[in-house]
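Comments concern the structure below.
In what follows, chains carry the letters A, B, and so on, assigned in the order in which the sequence lines appear, proteins first and then strands, with residues in each chain numbered from 1. Note that the coordinates shown come from a computational prediction; the quantities given were computed from them, not determined experimentally.
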2 protein chains.
Amino acid sequence: MNIKDIAKMCNLSVATISRVINNDPKVADSTRKKVLTAIDKYKFVPNITGRSLRTQKSNKILVLLPTMSNQFYSEIIQGIEETAEEKGYAILVAVTNLQEHQEIKYLHMLRMKHVDGCISLFNTLDSEAISSLAKNYPFVQCCEPTMGADVSSVEINNRQAVYDVVKQFINRGHKTIGMISGEYYKSSELGRETGYKDALNDFGLKFDKNLLVKNFYRYEDGSVGAKKLMSNNPKPTAIVCASDSLALGATSYLKSQGLIVGKDICVMGFDNTAITMYTSPTISSINQPRYDLGKESFKLLYEKLLDINSTNKKIILPYQIIHRESTGCKP
Amino acid sequence: MNIKDIAKMCNLSVATISRVINNDPKVADSTRKKVLTAIDKYKFVPNITGRSLRTQKSNKILVLLPTMSNQFYSEIIQGIEETAEEKGYAILVAVTNLQEHQEIKYLHMLRMKHVDGCISLFNTLDSEAISSLAKNYPFVQCCEPTMGADVSSVEINNRQAVYDVVKQFINRGHKTIGMISGEYYKSSELGRETGYKDALNDFGLKFDKNLLVKNFYRYEDGSVGAKKLMSNNPKPTAIVCASDSLALGATSYLKSQGLIVGKDICVMGFDNTAITMYTSPTISSINQPRYDLGKESFKLLYEKLLDINSTNKKIILPYQIIHRESTGCKP
DNA sequence: TCCTTCTATTTAAACGTTTACATTTATATT
DNA sequence: AATATAAATGTAAACGTTTAAATAGAAGGA
């Protein structure tokens, strides 16, 4: 059942059928009604491949994900999905597992016009490659803009978020504050570290490189990180982590050492994923507006879909610091 | 840059170029070499839409996911992805959020031949709809086959897994064993509950409906479930949960009541997701071979891609019971 | 030489749409 | 009634491939 069959059934040309399908106003009401009934009767659905070939559009966008095993991305994708659907775009999720060759492979879909655009949550390519990509294809970075790249992006102010947290710790009297971060040397990570250092500096504490440990973002890296920090002299009384998993791993180690987290020592996570509320102690965290990060990313992408030469925008969304037991809040 | 351009550059017809691309042996070695150099030189990549239109194949398969916020699926998808890639298929992940209209919308991609096949991790449609779908399109269910449907599927023996766990509990002297399950009334869930009941029955304990609580699979449902179970008389000394999140929620409640989980009461999770190792106590769990579940699913799908009339197969993969602190294993 | 057989290549149609342009039909204006 | 204008519809090309069928060319056999 294709457009030709419908045309035959209605004694019309395929062009008219196509016009009805595409809501072209230049078709008589009676004809339109006739066509719609036929379409309905035969449950005709236009072949998307034929349409794509002709229009040179796929009406699909690619979402590039570093990993599938992080709760954090789930709601972002939902934000993208729902906004994209309103505009008639379907989304296609691809996982790079942080591998450059995978990233290149999937980005190829963009160059092949297999998808009309891409929202990327993590890139390994350098700023030059990203800038060039963004100049030629609709491309937006979400949460993790490549530093120095000329590209539209949406994120929170990572530096400020950690700055605020450290400032709060200092105001509460903490004199030794540690940080467990990652070592991807990416924008969000460096921002968070800068916030940490700047706050120490601005409020009279000296940055000690032994109090900033860097590794991956797994639970175990949090444990190892906490162990390292606690071997310092003086020991920290508060630890800021670059993710909730790090915070959880750290908490797990601290508890194993007989410390009461939230009383003897404070721990702050990042991302406010669901797990933070179901551990003991519950983990304080910095909330990112995940749904809106996704939503705004698609909006930016949509501007590029309409006009590839539209100017690049950098959107910064607000965050919230949420205190739970791990920073001493009563349950 | 399309196949025509390459043809022109090589003074050959497009047919010959196409043959080279598709490794047709009927092309002279010298010609092949010439074409390949040109393809290489101009970085030509065949347009996938044109090819799809002509071959009526998309070389894409859809993976239908109930939710993005479950660690469990991540490795399954990787198993599908890597196996699919070997056969030249790309995968497209869609999330239904358990909504039937979303499921229908995405399954439409199958009927529209927008994708060549589908592996589904969860379906709301009834057995008749699934059987009919599977008869007409390459379709495989992974982990959650629709009961009574004639369809290829891969899963573990859920009944046996819980049966074994309960049997172990009984052998260790537990006399009152509770279960926290979901209420989707799906195959895996009912299997797990049956395993629970059967084991009680086979080893001389009587099934008490107050000791089986059903709800969703969120952390909080685990907490609420545990509370309900502990209000029973006699109180359970062991609890089997239908997921790790339920187990974690339950543990969180039990601890809040001053119980030492792993000593005063045992808790068993399900799925062996990463979190189980980073909580305290660490959570015992039933491991599903996630990567292989994905891999075998694609293999089954591939059989259907080659021959839609090939017979449906039901594959059962092995599981492992992994004891950690929550069932009394020392760290 | 002529025929046969095989191999390598070309030709042209097909896949299912959309759309610029052409044509027909209806309506309004004189 | 004749003409101009507007509205509705049709025609045919185009998108980029693959592939059955046709053709050309080479090699071998008589």
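- The shortest non-hydrogen separation linking A:L64 to A:C118 is CB-SG, 4.3 Å.
- Each of B:S30 and A:F44 was matched to the nucleotide of DNA chain C holding its nearest heavy atom; the match closer to the 5' end belongs to B:S30.
- Among the heavy atoms of the strands lying under 4.0 Å from B:T55 are primed sugar atoms or P, OP1, OP2 only; no base atom is included.
- B:K33 places its NZ atom 17 Å from the C1' atom of C:dA8, with the value rounded to the nearest Å.
- Taking atom NZ of A:K57 as the reference point, atom P of C:dT18 lies 14 Å away to the nearest angstrom.
- In the interface, the side chain of A:R54 is paired with the base of C:dT18 through a donor and an acceptor atom under 3.5 Å apart.
- For the side-chain hydrogen bond (donor to acceptor under 3.5 Å, both in side chains) with B:Q78, the qualifying choice from B:E81, B:E82, B:E75 is B:E82, the only one to do so.
- Side chains of A:K186 and A:N123: a donor-acceptor N/O pair is absent below 3.5 angstrom, by distance only.
- Here the side chain of B:N22 is nearest to one of C:dT9, D:dT9, D:dT18, namely D:dT18.
- The distance from atom CE of A:M1 to atom C1' of C:dG16 is 14 Å, rounded to the nearest whole Å.
- The interatomic distance linking B:D24 (CG) with C:dT10 (P) rounds to 13 Å, in whole Å.
- The residue B:T31 sits close only to the backbone: its heavy atoms come under 4.0 Å of sugar-phosphate atoms, none of a base.
- In the set C:dT17, D:dG16, D:dT9, the nucleotide with an atom closest to the side chain of B:N47 is D:dG16.
- Within 4.0 Å (heavy atoms only), B:V45 reaches sugar-phosphate atoms of the nucleic acid but no base atom.
- Each of D:dG16, D:dT11, C:dT9 was ranked by its minimum atom distance to the side chain of B:A28; first place goes to C:dT9.
- Nucleic acid contact class of A:L12 (heavy atoms, under 4.0 Å, all strands): sugar-phosphate only.
- Checked against C:dT17, D:dT17, D:dG10, the side chain of B:N2 finds its nearest nucleotide in D:dT17.
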Item to check | Residue pair B:I77, B:L65: steps toward the side chain to side chain contact (heavy atoms under 4.5 Å, CB included) verdict | outcome: CA-CA 10 Å; B:I77 292 176; B:L65 221 55; 3.7 Å; yes

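- At the heavy-atom level, A:N11 lies under 4.0 Å from the strands shown only through sugar-phosphate atoms.
- In summary, the side chains of A:E103 and A:T124 do present a donor paired with an acceptor at a separation below 3.5 Å, with no hydrogens or angles considered.
- Spacing between atom NZ of A:K26 and atom P of C:dC21 amounts to 15 Å, rounded to whole angstrom units.
- At whole-Å resolution of the value, CG in A:D29 and P in D:dA8 are 8 Å apart.
- Between the CD1 atom of B:I48 and the P atom of C:dC15 there is a distance of 21 Å, rounded to whole Å.
- We find that NZ of B:K8 is positioned 14 Å from P of C:dT10, with the value rounded to whole Å.
- Side chains of A:Q141 and A:T146: a donor-acceptor N/O pair is present below 3.5 angstrom, by distance only.
- Comparing C:dC21, D:dA8, D:dT17 against the side chain of A:R19 picks out C:dC21 as the nearest.
- Mapping A:R32 and B:I3 onto DNA chain D via the closest heavy atom, the residue that lands nearer the 5' end is A:R32.
- Side-chain proximity of A:P46 to the nucleotides D:dT9, C:dT17, D:dT17 is greatest for C:dT17.
- The nucleotide whose nearest atom lies closest to any side-chain atom of B:A15 is, among C:dT10, C:dT9, D:dT18, C:dT10.
- The shortest distance between the side-chain N/O atoms of B:R51 and the OP1/OP2 oxygens of D:dG16 is not below 4.0 Å.
- Here B:Q56 does not reach the OP1 or OP2 of D:dT18: none of its side-chain N or O atoms lies under 4.0 Å away.
- At the heavy-atom level, A:T16 lies under 4.0 Å from the strands shown only through sugar-phosphate atoms.
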